[in-house]
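Notes for the one structure printed next.
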Amino acid sequence: MVLDNARIHHAKQVQEFLRKHEEPIMFFFLPPYSPHLNPIERLWKWLKESVIATRFHKDLHAIEQSVNSFLEYIDNHCEEVLQRLGCAA
């Protein structure tokens, strides 16, 4: 399992879980602040650029609609998403 170095992954409860389960699961922590190694970070950046940074939303419902539209778009354009995230062959 690949984990980023989010604080939650270093919490006491998480560390206890990791120690109890280290035999069947191998954990690999990414280096601190390494968004280039984590494709989801590129997706969040794309979402922010497309939905948050370029528009004014009058209320929370409008933000929710914009995010849902973005998610629907990426769901229907898998190849483009993989290319944009650097995951395409």
Could you state whether [X] and [Y] fall into the same hydrophobic cluster, counting links through intermediate Ile, Leu, Val, Met, Phe, Trp or Tyr residues with side-chain heavy atoms under 4.5 angstrom apart?
| X | Y | answer |
| --- | --- | --- |
| Leu71 | Leu60 | no |
| Leu43 | Leu82 | no |
| Leu30 | Ile40 | no |

Minimum-distance pair of heavy atoms, taken over all atoms of Val51 and Ser66: CG1-CB, 3.4 Å
Derivation of the side chain to side chain contact (heavy atoms under 4.5 Å, CB included) call for Asp75 and Val81: CA-CA 9 Å; Asp75 193 41; Val81 172; over 6 Å; no
Residues that Arg42 engages under salt bridge (charged side-chain N to carboxylate O under 4.0 Å, His left out), provided they are two or more places apart: none
Test side-chain hydrogen bond (donor to acceptor under 3.5 Å, both in side chains) applied to Gln83 - qualifying residues, sequence neighbours left out: none
Heavy-atom side-chain proximity of Leu47 to Ile52 below 4.5 angstrom: no
Electrostatic pair Glu49:Arg55 at N-O distance under 4.0 angstrom: no
Atom pair OG (Ser50) and NZ (Lys45), whose distance is rounded to the nearest 0.5 Å: 11.5 Å
Spacing of CD1 belonging to Ile74 relative to CZ belonging to Arg84, to within rounding of 0.5 Å: 11.0 Å
Qualifying ring pair (Phe, Tyr, Trp, His ring centres under 6.0 Å) pairs with a residue from residues 44-63, counting only residues at least two apart or across chains: Trp46-Phe70
Glu72 backbone acceptor or donor facing Asn76 side chain under 3.5 Å: yes
